[in-house]
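Working notes, structure below.
Order of the sequence lines fixes the chain letters, A, B, ..., with proteins taken first and strands second; residue numbering starts at 1 for each chain.
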Amino acid sequence: MQVIGIIVSLMAGGLLAMALGPKSAQASRLAALAGLAVATILFFPLLMLAISETGSGTGAGAVWLSQISIEWIPRFGIRLLFAVDGIAVILIGLTLLLGYISLLSAWSEITKRCGFFYFCLLFTLAGVVGVFSALDLFLFFVFWEVMLIPMFLIITVWGHENRYYAALKFFIYTQASSLLMLLSMLVLVHMHWQQSGTISFSWFDLLETDTSGRLGFWLMLGFFVAFVVKLPGIPVHNWLPDAHTQAPTPGSILLAGILLKTGAYGLLRFIFPLFPEAALEFTPIAMTLGVISVLYAAKLAFAQNDIKRLIAYASISHMGFVTLGIFAWNAISLQGTLVQIVAHGLSSAGLFAIAGLIQQRTHTRALDELGGLWPQVPRLSALMMFFAIAALGLPGLGNFVGEFMILLGTFQTSPIAAVVAALGMVLAPVYALIIMQKAFFGTPSADAKSTSVDLVPHEIFMLAILVVGLIILGFWPGLLTNLSEPGMLDLMRNGLPAGQGG
Amino acid sequence: MNLLWLIPTLPFLGFTILVLSSGRMSRERARIVGVGSVALAFLATIYIATQYYAAAAHGLDHGAGFTVSLWPWITAGSLNLNFSLYLDGLSLSMLFVITGVGALIHLYASGYMWDDPDYTRFFTYMNLFVAAMLMLVLADNLVLMFLGWEGVGLCSFLLIGFWYKDPKNGYAARKAFVVTRAGDTAFAIGLFLLFRELGSLEIQEILHLAPENFEMGGNMPTLISALLLGGAVGKSAQIPLQTWLPDAMAGPTPVSALIHAATMVTAGVYLIARCHPVFLLSPIAMTMVASIGLITLLVAGFTALNQWDIKRVLAYSTMSQIGYMFLALGVEAWDSSIFHLMTHAIFKALLFLTAGSIILAMHHEQDIRKMGGLRKQLPVPFWCFLIGSACLIALPPTSGFWSKEPILLAAWEADPIFWYGAVFGAFLTAVYTTRLMLLVFFGTPEGGIPKTHEPKGWQLHPPLIILAGLSLVAGLFNLPAADVLPHAHEHHPPLWVEITGILLPVVGIFIGWQVFLKGRWQALRMESPAFDGLRKFLASGWGFDWLYDILLVKPFMALAKANRNDIVDLVPKAVVVASSQCYYFFSRGQNGQLRFYVATMAAAAIMIISLALFT
Amino acid sequence: MIDAVIIDHAFILAGILFCLGLAGVLVRRNLVFVLISLEVMLNAAGLAFIAAGSAWGQPEGQIMFLAVVTLGAAEVAVGLGLTLLLFRRFNSVDIDQLNQLKG
Amino acid sequence: MDLIQLLALMPLLIVGGVSIVLMLLIAFVRNHALTCFVTCIGLLAAMLTSINTIGDGIIQVTPLLVMDDFTRVFCALMIGISLAASWMAYTYMEASDEIREEYYILLALAALGGCVLIASNHFASMFIGIELLSVSLFAMVGYMVHGGKSSDITLEGGVKYMIMSGVSSSFLLFGVALIYAYAGILTIDFLAAPAGATLSQGYLIVGTSMLIIGLAFKLSWVPFHMWTPDVYQGAPAPVTGFLASGAKIAVFAFLIRFLIASGPDRIDLLLAGLTIMAVLSMLLGNLMALLQSNLKRLLAYSSVAHMGYMMVALIAAIKTGNISEDVAAEAIGVYMVAYALMTLLAFAVLSRLAALNSEYETGNIEMYGGLLYRHPWMATCMFVAFLGLIGMPLTAGFIGKYYLMLAGVDQQLWTLLWVLVAGSALGLYYYLKVILVMCKESQDDAPAELETPVASGFSGVLISGLCLMVLYVGIYPTPVIDWIQLALASL
């Protein structure tokens, strides 16, 4: 029930911000903040419920924390089915947190048409929260597509130099691939209709359909393509670097922090449980894709000259680990995937926020034009150092815990994939530290316009939240993994083919 | 005993205070926090040690460790690691080395770095380093050790690249980080293999489970030990992954003393000592460890002979001394290798710090060709350097002798070839140490004895003197590590072996004296053009740098430059071109001619009717 | 009932008429003549109706023919209106001038 | 034709009456506002009567027309579309110096033609309906001939439509004649009625094919689509709106009735031709629209593509045999409603803007640069229309596309579904291009515009109404689905 409250309050906040927009930018910011605050207040009971569930510690807590189902289109058994389990609570929490971060970063960066910007921002958040909590496939698809529009607008209206190309590419990639998902969803529902006589779109009913065989494989492939495009996996990742370089900083934070996670969540929730046999058969190929994304994206990241583009490729490399973790499909790698998702959300949000701050100060993103920033902006550089280290997976921070658990889990299923992916850990410092070397160390290049003032309090506060988040995730991942324990075990049981036990 | 968690938290606390102050703290307060935290950690270690001995005294069976479990760290499925510290003889002795030598080096550094603008930043990194090293040593499970392992690597990166103005330092720092990270990846893969085979990553559990699950000499223990060895080799700068240590000298000298002599580089030795039951299960791994030690020992020895930078000579000598420790581990002289680790930490720190004073006195001049005859102007550094060199050469009364001798004897016991190599290494050490001594303190460089003014300050001399005293006396301590590690069986090699072991260094000193001070047998100095190729080869660390450059770095850079914007981008571009070509092709058909439209309509009609009729 | 053969002949004639009309529309450039060929095509259809009607001996055929003729007339009326406008605008009735809308 | 049957025909009568009343009204007083008002009220009355007579059972009025729920629902839709066409024409006509009143008479006649077509289950009434619809459209397409400089392209559009439509009607007629020769009856369920066939099967095949060719022209399926872009660009915006939605919906409604009437043993030979046409429509429609620079031409090709999408459901309907209770017919019905709403919304906004500056209609898409900042509400409505055409969820377009896909999946039409997915993926580009242009920050000065057009509020109401309906059908489609099911049940 609270989930609908969260979505509605976010939308209301957005509309209010838009209404107040023309009057004063400050009013629209406060309206947006109010919307987000109400959403967080509604989120807390859900969190408390989740924590109390894990209190039982034995992981036997109830899987589904809150479930609500309202009839929508009776002709096809489509229902407004919102259900939240441990995994969804964590991801919604991450969305709200990054909502605050992008709001804070939009405080100084977005000047024109603020009302409309906060409208788009909050609607993206609402769409993403919807994706994480919708368990009726039709409803999931609706949220999956609806969250695209505000993001598209953010890139188009407030983006940088050639934002139209980037927005167009972003929209077409995701929309075209989700058409494939729509097709496979419909065929799946049709199979369920033939096998069980009732037509329904709910995830719970569709779990029972027997999807072994050639058709099942094609359906799984349809879903897989849609999620890998969003993830993004290697063959279909080209939209991310362009979208990130051209999006405004709050836009990049949203895009990297949350929108990529919907792809990972989709893989987690829909591939294995609905198509156990097909997914098992597809695992080797998926793992090779994952490994290639890790290594190829890392190499590309190293070669980039634009900071945001470099960080974008770094995100692709981190998301390569997620594909690996999911297709290993055992308890350790799945929990690792969740930790990796949250950690990547925080660290890439931090990296993009700082890239934005650098651009605000030096009006350039090109690494060869930057240099010797450390003496001018020591605090900003120290924070950038922290996030760069988090990105390369230093133990004690969230990314390492995620990557380590994924690799540990993947090693059980296919050692070769894990070993080759572990090379990614060697390449990570190569691209992460190149930013530090080119932008922060060394002497400032001759024409560098050094009018940069160090961090302003609200910027530090924004980055501090992320730093604390990463450290907590690094030292106490238990806080997260306990929450998702029941949900993950239940998911795993559904994901294993009929034959194999738990 | 349950105050054990205090030891790593004190330096970490120092680190957090310095970070949060972020530049607003004055130098004095920064110094107190920086040095104080490590000193307090040392006191805590002493307190813990007294409790440890007290427990050992009334009947706690020897070698039994004491664990303090703080909170559940990573729990998922069958993996549940918790954040717990483990103390036993081995880790206690390591604690002594880290906090003891660390505190002295911090004290020295507070004077040495006094006029450096980023004073607080320096101590922030140093405290973080000590905290990470303590975490590494006290970790109860291998993943926590990995946390310390990588934390140490990070701090070495930060400290090597401390003077970031000069891009070369940045490059050296990144090189160190990436090379050690390669080793760490091997270590991580070893962990995965261990987890898959034994189902647990707790060190104590592994040490019990390993003998039961693996048979002696099987390929699983060999593979695991090889991987762990990979990690150790990366961190301790042994043969395959040693190219980063000489470049690491770009950092300030106290950093080189603390990290690249006393503590970090010994992490590999500690790892192998800690996991010795696994290594014992595969003789092949043991011989690998020993041979790596031997080869590094010799390669480093030869290279040190041809170095002109004072810190690089000491770096290569560290590399060769750690070679000795690996050799000791390889020939199952476990406790003597840890003992050598302790003594080496002391006298190598002493040598580095004195070198620091000399460099400071010579206005940051590190090239020993420009130095000479400094013994009068710098008395304290001269005597300390002399004692340090004596220990390095392992002359009888010094601690160096007490720790190196058993290694040689154990080497003979295991395999005479190891002994011959080790002894020749000792001879080389004697030669290059004497060379260093003479070139810096005796004789006169061409431009006359340079004007130096010795840096004053109460923080500089006391640590040197304490370290000098310790390096003389350290031979007598018996480390608690002995009761954890298996006892080396008594060596009783033939008499001539012992005598050559002792005499050869003296011969080395004599030759060094003759060649470098008396100027005889100039050919030996290999400066004539005939030896040019050989000298350049030896000076560059036997060409490993060149090799890795060709094998790895160049192809990666070329590949990166080749497709800066990745080729997969061509696919969407191709789709765009194809569809616009189709557009142009069909739009030619739409030419606005009415009669053409009717014609197409008629043609289509005929097609459909015929299709209907004839199919 | 007239046997099938005669009906076939009638329909062949109607078919030929239809194709001639279609050819007329294709070939002629003058709008008036295009309208005439349109009429020819419509009447061919009308003829077909009559033939079909007589084949079945039902009056529908001829009723349909009447409907065809009237509606054809309506069409041509509007067509001639447009021809008038075309002449006034381009002072010629050549339909090849109308090729501005393309691409 | 007793009283009950007459009353049953009430919606058609009212629409016919409207056209006559208009003619008389114009004879006395030429007042644009009054004419428009009368048309709207008349059409509204017709629509309401047809809506509340739903459920009165099937009344066969003369062998030609049948008034069952199907006719009532789709007549209501048809009249509603023409109401919208007249409503949006008011602002458009105010801005032009053309003589305005005759447009509404033609519109009423066209609506009447459409309703006759929908109500007909006899070839004679079908033919009359189509001819009435087409001939009135000839005049409407070429309506703005006297107006300013763009008049010669309107004339060109009119002539082209007239000739092509004439050819296609003759094809239609010849086909009907051949069918009549073969089956001996002129009602549309000739396939089901096994009259004593004396002539060879060939007559039937050629006859049906020519019938389908005639209808294909009207629905602008690909080989017969050549006229669509030129006529859409040439005709004035409200007429194009009506042409794109009204004309097509009426013919499609007739097709459904024809398929259901012809019962299970329909001719499978149509499948091959239809599948090819469907594939070509979907691919060519989208491909040709990719780099279009004129908005109306772009919408023309998009309508070709959308007709292609609807053919998927049509083919699925043909293959299922008994059509009434399955998904395919519903898919066609729902898609018709959705498509009509979206196209009308797009053209309503276009004609409203064309009233401000004729360049919006005839000029390049760049004219719409920065529209989001000059006319926010207009841009948002256009935005919703295009998102609908893309098939974005929460718009009617998505419900329509979802239904089509389900119908396709139901009959395992894998190739068609793949082409549908590829086509709509291609289609994304040009719809997004327009949306992007609207969001573009246009540096050069805004195009010269009249101050707010006359009675902008009047057309604003229509646009907002249509926009909300597109979203309403998208968010809560059940009422529309129930209507369509009701209509199909009574066939």
Side-chain angles (χ1 to χ4, degrees), chain C residues 1-4 7-8 10-11 14-15 18 21-22 25 31 34-35 37-53 55-58 60-61 63-65 67-68 70-72 74-79 81-83 85-86 88-90 95 97-103, chain D residues 122-124 127-128 130-132 134-136 138-139 142 145-146 151-153 155-160 162-167 169-186 195-196 198-200 203 206-207 210 229-234 288 291-294 297:
Chain C
M1 287 238 283
I2 308 160
D3 59 23
I7 304 298
D8 286 353
F11 271 92
F18 188 84
L22 189 60
V25 172
L31 189 53
V34 167
L35 284 176
S37 2
L38 259 179
E39 271 307 303
V40 166
M41 283 167 77
L42 274 174
N43 290 339
L47 176 65
F49 264 109
I50 290 167
W56 289 91
Q58 294 163 342
E60 275 80 2
I63 299 162
M64 279 305 284
F65 173 73
V68 162
T70 40
L71 290 168
E75 240 180 74
V76 166
V78 175
L82 284 172
T83 333
L85 285 171
L86 186 70
R88 190 174 299 141
R89 170 72 50 201
F90 292 96
I95 49 174
Q97 293 158 351
L98 302 171
N99 55 12
Q100 282 172 0
L101 295 170
K102 53 175 171 286
Chain D
H122 185 282
F123 277 117
F127 178 59
I128 293 165
I130 284 193
E131 278 309 301
L132 187 57
S134 315
V135 171
S136 47
F138 294 166
V145 176
H146 304 294
S151 59
D152 36 10
I153 54 166
L155 179 65
E156 181 179 337
V159 168
K160 282 187 179 171
M162 189 254 290
I163 303 287
M164 300 286 282
S165 171
V167 170
S169 310
S170 39
F171 264 99
L172 194 76
L173 265 176
F174 204 88
V176 168
L178 285 171
I179 293 166
Y180 176 53
Y182 174 78
I185 51 164
L186 271 166
T198 53
L199 297 172
S200 74
Y203 277 78
V206 174
M210 291 184 90
D230 297 1
V231 169
Y232 276 40
Q233 188 178 6
M288 288 295 283
L291 305 175
Q292 283 301 343
S293 60
N294 178 294
R297 226 179 158 77

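- D/Met162 and C/Leu35 get closest at one heavy-atom pair: SD-CD2, 3.7 Å.
- Atom CD1 of residue D/Ile179 and atom CZ of residue D/Phe174 lie 12.0 Å apart, to the nearest 0.5 angstrom.
- Listed for the C/Gln100 side chain is no donor-acceptor partner under 3.5 Å among the backbone atoms of D/Asp152.
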Legend entry - Derivation and outcome, side-chain contact (heavy atoms from CB on, under 4.5 Å), residues C/Leu42 and C/Val76: CA-CA 11 Å; C/Leu42 274 174; C/Val76 166; 5.9 Å; no

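- Among D/Arg297, D/Lys160, D/Glu131, the residue with the largest count of heavy-atom pairs under 4.5 Å with chain C is D/Arg297.
- With a 4.5 angstrom heavy-atom cutoff, C/Leu22 touches chain D only via side-chain atoms.
- With a threshold of 4.5 angstrom between heavy atoms, D/Ile128 approaches chain C through its backbone and through its side chain.
- Your options are C/Gly72, C/Ser37, C/Gly79, C/Ala74, and the one with the most heavy-atom pairs under 4.5 Å with chain D is C/Gly79.
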Inset, instruction - Would you check, one step at a time, whether the test side-chain contact (heavy atoms from CB on, under 4.5 Å) holds for C/Leu31 with D/Ile163? - result: CA-CA 9 Å; C/Leu31 189 53; D/Ile163 303 287; 3.7 Å; yes

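- Using a 4.5 Å cut-off between heavy atoms, C/Ile50 makes no contact with chain D at all.
- Both the backbone and the side chain of C/Val68 come within less than 4.5 Å of a heavy atom of chain D.
- Interface residue C/Ala14: backbone and side-chain heavy atoms are both found under 4.5 Å from chain D.
- Here the straight-line distance linking atom CG of D/Leu172 with atom CZ of D/Phe123 works out to 8.5 Å at 0.5 Å rounding.
- Highest contact tally toward chain C, considering only D/Ala177, D/Ala139, D/Gly175, is held by D/Ala177 [criterion: heavy-atom pairs under 4.5 Å].
- Looking at D/Leu186, only its side chain comes within 4.5 Å of chain C, counting heavy atoms on both sides.
- Both the backbone and the side chain of D/Leu178 come within contact range of chain C, each with at least one heavy atom under 4.5 Å from a heavy atom of that chain.
- Looking at residues two or more places apart in sequence or on another chain, you find no salt bridge (charged side-chain N to carboxylate O under 4.0 Å, His left out) involving C/Glu75.
- Under the ring pair (Phe, Tyr, Trp, His ring centres under 6.0 Å) criterion, D/Phe171 pairs with C/Phe18, not counting sequence neighbours.
- Residue contact with chain C, scored on non-hydrogen atoms closer than 4.5 Å, involves the side chain of D/Met210 exclusively.
- Proximity to chain C (any heavy atom under 4.5 Å) is shown, for D/Val176, by both the backbone and the side chain.
- Contact of C/Met64 with chain D is made through the side chain alone, with heavy-atom distances under 4.5 Å.
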Inset, instruction - Decide side-chain contact (heavy atoms from CB on, under 4.5 Å) for D/Tyr232 and C/Leu101; before the verdict, give the C-alpha distance in whole Å, the side-chain angles of both, and the deciding distance to 0.1 Å. - result: CA-CA 10 Å; D/Tyr232 276 40; C/Leu101 295 170; over 6 Å; no

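- Contacts between C/Leu47 and chain D at a heavy-atom distance below 4.5 Å are absent for every atom of the residue.
- Here C/Gly53 is the residue among C/Gly53, C/Ala67, C/Gly81 with the most heavy-atom pairs under 4.5 Å with chain D.
- Side chain of C/Trp56 to main chain of D/Tyr180: a donor-acceptor pair is present (N/O by atom type, distance under 3.5 Å, no hydrogens or angles).
- If you measure heavy-atom distances from C/Leu86 to chain D, the contacts under 4.5 Å come from both the backbone and the side chain.
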